[in-house]
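Reading through the structure tokens given below for one structure.
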Amino acid sequence: MVLTRFVEIGRVCMINYGKYEGALVVILDVANASRVLVQGLPGSPIGRELMNIKRMALTDHKITIGRNARTKTIAKAVAESDVQNKWDSSAWGKRVAKRAAKANMGDFDRFQAKIAKQSMAKKVAAKL
């Protein structure tokens, strides 16, 4: 097994802990062995900040930028590489979106899901 995800400048990461959990960020610089300088994708509320590597998960996506790139440069590179659409179409991105949609369901949405699940189970049981 060969490792392909490295902590490097331009690597797109997903935050897995804290108030920005689930958001995508780009690594701009490596401060030390445990912290990196990151910035959120364009349209994200995350500015430049130092973040612990343990609080993020490395994705397969990488953009080509220089060290400590400007915000406009990052926006241009993200637009060219179409990172957001690639993330949304990946299995990991779909799973995160599905989990977020389920967490944001209201009472009636949960009720409808329960009824749909019950009716599907009845159809399967009738076929067997």
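Pairing each heavy atom of Ile65 with each of Ala77, the nearest pair is CG2-CB, 3.7 Å. Considering all non-hydrogen atoms of both residues, Ala116 and Ser119 come closest at O-OG, 2.9 Å. Minimum heavy-atom separation, Ile46 to Ala23: CD1-CB, 3.6 Å. In terms of heavy-atom proximity, Ala31 sits nearest to Leu50 at CB-CD2, 3.7 Å. Summarising the geometry of Met14 relative to Val96, their closest heavy-atom pair is SD-CG2, 3.9 Å, with the distance given to 0.1 Å. Nearest heavy-atom pair across Arg67 and Asp29 is NE-OD1, 3.0 Å.
Around the CZ atom of Phe6, the shell of radius 6.0 Å holds more than 12 heavy atoms that belong to other residues, nucleotides or ligands.
Between atom CG of residue Asp82 and atom CD of residue Glu80 there is a gap of 11.0 Å, rounded to the nearest 0.5 Å. Separation of atoms CZ (Arg110) and NZ (Lys117) is listed at 14.0 Å; rounding is to 0.5 Å. Taking CD1 of Ile53 as the reference point, atom CE of Met51 lies at 11.5 Å (rounded to 0.5 Å). Atom CG of Leu28 sits about 4.5 Å away from atom CD1 of Ile74, to the nearest 0.5 Å.
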field: side chain to side chain contact (heavy atoms under 4.5 Å, CB included) between Ile27 and Leu58, intermediate numbers included
entry: CA-CA 10 Å; Ile27 295 178; Leu58 303 174; 4.3 Å; yes

message: What verdict does the side chain to side chain contact (heavy atoms under 4.5 Å, CB included) test give for Arg48 and Leu37, after you've listed the backbone C-alpha separation in whole Å, the side-chain angles of each residue and the deciding distance to 0.1 Å?
response: CA-CA 7 Å; Arg48 288 177 186 239; Leu37 178 68; 4.3 Å; yes

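Residues Ile63 and Ile9 are members of one and the same hydrophobic cluster, defined by side-chain heavy-atom contacts under 4.5 angstrom among Ile, Leu, Val, Met, Phe, Trp and Tyr. Linking ILVMFWY side-chain heavy atoms closer than 4.5 Å, directly or via other members, places Val26 and Trp87 in a single hydrophobic cluster. Val25 and Val7 fall within the same hydrophobic cluster, where Ile, Leu, Val, Met, Phe, Trp and Tyr residues are linked whenever their side-chain heavy atoms come under 4.5 Å apart, directly or through other members.
Contact annotation: the side chain of Met56 approaches that of Val36 to within less than 4.5 Å [non-hydrogen atoms, C-beta and beyond]. Contact check for Pro42 versus Val78: side-chain heavy atoms found under the 4.5 Å cut-off. Side-chain contact between Val38 and Ile15 is absent, with no heavy atoms from C-beta onward closer than 4.5 Å.
Using modelled atom types, no side-chain atom of Asn52 and backbone atom of Arg55 make a donor-acceptor pair closer than 3.5 Å.
For Arg5, the side-chain hydrogen bond (donor to acceptor under 3.5 Å, both in side chains) partners at least two apart in sequence or on another chain are Asp60.
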